[in-house]
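Here's the structure we're looking at; comments come further down.
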4 protein chains.
Amino acid sequence: MGAVKTKRMPRAVREQQMLDAAVRIFGQRGYMAASMDEIAELAGVSKPLVYLYLNSKEDLFTACIRREAAALTAAVGAGVRPGLPADRQLWDGLQAFFAHTAEHPDGWSVLHLQARTHGDPFAAEAAAMRAEIVAFVTRLVAVAAREAHRDPDLPEHEVAGLAEALVGAAESLAAWANATPGATARQAATTLMNFAWAGLGNLMRGRPWTPPA
Amino acid sequence: MGAVKTKRMPRAVREQQMLDAAVRIFGQRGYMAASMDEIAELAGVSKPLVYLYLNSKEDLFTACIRREAAALTAAVGAGVRPGLPADRQLWDGLQAFFAHTAEHPDGWSVLHLQARTHGDPFAAEAAAMRAEIVAFVTRLVAVAAREAHRDPDLPEHEVAGLAEALVGAAESLAAWANATPGATARQAATTLMNFAWAGLGNLMRGRPWTPPA
Amino acid sequence: MGAVKTKRMPRAVREQQMLDAAVRIFGQRGYMAASMDEIAELAGVSKPLVYLYLNSKEDLFTACIRREAAALTAAVGAGVRPGLPADRQLWDGLQAFFAHTAEHPDGWSVLHLQARTHGDPFAAEAAAMRAEIVAFVTRLVAVAAREAHRDPDLPEHEVAGLAEALVGAAESLAAWANATPGATARQAATTLMNFAWAGLGNLMRGRPWTPPA
Amino acid sequence: MGAVKTKRMPRAVREQQMLDAAVRIFGQRGYMAASMDEIAELAGVSKPLVYLYLNSKEDLFTACIRREAAALTAAVGAGVRPGLPADRQLWDGLQAFFAHTAEHPDGWSVLHLQARTHGDPFAAEAAAMRAEIVAFVTRLVAVAAREAHRDPDLPEHEVAGLAEALVGAAESLAAWANATPGATARQAATTLMNFAWAGLGNLMRGRPWTPPA
DNA sequence: CATGAATGAGATTTCATTCAT
DNA sequence: GATGAATGAAATCTCATTCAT
């Protein structure tokens, strides 16, 4: 079932195999339900080797989170070209995001579900990555406001809330797209751009919805 | 620390005490890290009694999810009056949602984090509740479209995606509001209405953002 | 092999059974080579019960040391009557000491060998008991000096060294007596009294210390 | 921290480095808590080399015991000149003993604590050395008896017990001297000679044994 | 009803030891 | 000769769960 049992691999290669296996098991079973036995077997190595290279279950999980976080931000970053207009950058970033999460469901499960559910140290690790993405979106919103000559500027904490909402909506749609047969990354991105950008557009033009008294 | 040890309470009351304790422990420690010992102690009863009433850890967790899900949907439902315009209904519902999650952080943790992270049976239970809320939002969006005389109707799966995105944004803001000191349910609801409704408004008027070729 | 499997004993009884087993295993195998499995089996209970009652291997070992230390000092104390002359008290104490160690070789091994060899916390526990005995001997030596109208008094640190040497000699003879077939507690005590009280010099000159009738 | 990594040393030298490291680790951590990894690292060689030269952990420990036993008996033997009177020989031997154990605390720990605490094979190894010393002391006592024209001779098993007690007292004082700041080998030897040679009784009467100039 | 007593099964982790290069 | 890569076996400890009173 596991990887073909090839003997005597250099350490770097083995470590990646172990992380591959760990991400899969952690993503599917959850951090606590995952057993080191199962991970070692799927990786095609003995348990002591996993401990020799990765130290402990906690360290192994942390390594998984870091690797998957780096992969996700790299994928999004690679999809975006800085020179283009803000809406185009957001569109490109969203497509990359939905495509990556669809292709790496276990990694996404590790980042989005497992890391946040099993204690502060892990949650902090995942939060750091999320903060990067929120910061990126926040910059885009600010740029868009400038492009739309919005005056006066949006208050800072309002922008933060908007970026938070947008990222949350994207995370939610990622799960929805993965679960809905026939849904593509492009469709998910389109839906979200409609939802978010048109709404933001009105905001930019100074026509917010006003809460009732 | 646990409930006062009163003897001979009717079964229904005892069960609620147990569920109270379980929600607290599950919400704070997580499903797997929670121990039946700790739950029984916090509930002020002996472990065999927990098993007599609730059967198993899985059943206990399921009961928690159901109770908290019912409480949340009831709170949202109570906040909304069906006769009013769609935007007002959404506004009221969001306020109720943010208020309830802020007041019951452990219950919200059980529903939003724990239930989704520990296997299909639990996830399905939580998904059922979420689907109810998404359906409610979906109806609101359809009503709003009719109110705006939008023609032609939004395609159904597009509406589903929008509702999904809106709910995801709300969930994300709930966590953000709880973590950001000074943020209130009202503020969170306002931010989200700005984000979502103004965007939807443009959509309704047939002026969506168009993806680049 | 282990105790007869009697079910449902009160906790206090079970704990003593566990300590009995633990002293035996620790005394024979050594602290580190002893396995909790073996101890549980010899005690006739399951491992979790051992942990439930005694907490951890370290705590179990500590409990063994304390129990055996208390038993030994109690035995010595019971053998000595405070009113009598110093040499008589020493003689009685030594007999009690040799008798007890001969009857409880595993307990003596725990106190004399294992506790001193496996880390400060345990060693401190055993050292406390030993200090009690050394203090008792120190008092006896001082009393003897007074009885002999010695003037000037022996310097204090000299007395401490003498007591230390005497106790060390006794410990050594305990092992020797246990290993030498036909050696009795009485003989060991006689030899040591001769050695210590009369001194080799006197012995050579045919003036040994004579045991009381 | 370990030995400087010099390549291609002759086997005999490498072995001594390994034994140095092993004695240190065994003496400080104890036999079972010592890990071959740590020993290899401290010796500055790879683990397989340790196995190539010393075969197994047991063999390594045995080699340590033998080397340290030989060193101790050699030190004592070197301190004693056969022609002199018995008490002088004892005095010289004790000084050498206390000096050596003070200078090699790890070696002494291996011999006196570890070897006796971890199973018969090792204990036998250490007992062999101890027997040599006891035999030496036994001869001295016999010689002293002859020098004192004692008649009739002390019964043999009495002499054995006396030697045993004397050696035990010396071992005990060695630990005490190492633990007591300011205590020297000379003081320990003096105390023991007073105790053993003169006897407490003489001491009380103000007639101590006097060390040679 | 209620509980103190008890356990089967499995978790993480460590270590002495050996190949294959 | 020397070592990086690898493992079988076993240790401590925890937990959900059930009798017997």
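What you are looking at is a predicted structure, and each value in this text was computed from that prediction instead of being measured. In what follows, chains are A, B, ... by sequence order, proteins preceding strands, each numbered from 1.
Remark: D:R14 is not in phosphate contact with F:dG1, judged by side-chain N or O atoms under 4.0 Å from OP1 or OP2.
Taking atom CZ on C:F26 and atom P on F:dA11, their separation rounds to 13 Å, with Å as the unit. As rounded to whole Å, 9 Å separates atom C1' of F:dA11 from atom CE of C:M32. One can place CG of B:D37 at 18 Å from P of F:dC13, the figure rounded to the nearest angstrom. The distance from atom CZ of A:R29 to atom C1' of E:dA11 is 15 Å, rounded to the nearest whole Å. Note: NZ (A:K57) to P (E:dA11) measures 9 Å, nearest angstrom. Regarding A:E38, its CD atom lies at a distance of 15 Å from the C1' atom of E:dT12, rounded to whole Å. In this structure, the NZ atom of A:K47 is 8 Å from the P atom of E:dA11, given to the nearest Å. Counting to the nearest Å, the P atom of F:dA11 and the CD atom of C:E41 are 12 Å from each other.
Closest contact between the side chain of C:Y51 and the listed nucleotides F:dA2, F:dT12, E:dA2 involves F:dT12. The side chain of C:S56 approaches F:dC13 more closely than any other nucleotide in the set E:dT17, F:dC13, E:dT12. Closest to the side chain of D:L49, out of F:dA2, E:dA6, F:dT17, is F:dA2. Taking every side-chain heavy atom of C:S46 into account, E:dT7 is the closest of E:dT7, F:dG1, F:dT7. Listed candidates were F:dC13, E:dT18, E:dA6. Nearest to the side chain of D:P48 is E:dT18.
A centroid separation of less than 6.0 Å is found between the aromatic rings of A:W108 and A:H112.
Residue-level contact check: B:A34 touches the backbone only, with heavy atoms under 4.0 Å from sugar-phosphate atoms and none from bases.
Heavy atoms only, all atoms of each residue included: D:A115 and D:A126 are closest at CB-CB, 3.7 Å.
Atoms CD1 and NE2, on A:I65 and A:H118 in that order, are 10.5 Å from each other to the nearest 0.5 Å.
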Step-by-step side chain to side chain contact (heavy atoms under 4.5 Å, CB included) determination, A:M18 to A:L49: CA-CA 10 Å; A:M18 290 176 192; A:L49 200 59; 3.8 Å; yes
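Both A:N55 and C:R11 lie near DNA chain E, and the one whose nearest nucleotide falls closer to the 5' end is C:R11. When each of A:A33 and C:L52 is assigned the nucleotide of DNA chain E bearing its nearest heavy atom, the one mapping closer to the 5' terminus is C:L52. Nearest-nucleotide assignment on DNA chain F puts the 5′-proximal partner with A:A12, out of A:A12 and C:Y31.
Ion pairing of C:E41 with C:K47 is absent here, as no side-chain N (NZ or NE/NH1/NH2) approaches a carboxylate O to less than 4.0 Å.
Pair assignment for E:dA6: F:dT17, on the basis of Watson-Crick or G-U wobble contacts that are both within less than 3.5 Å.
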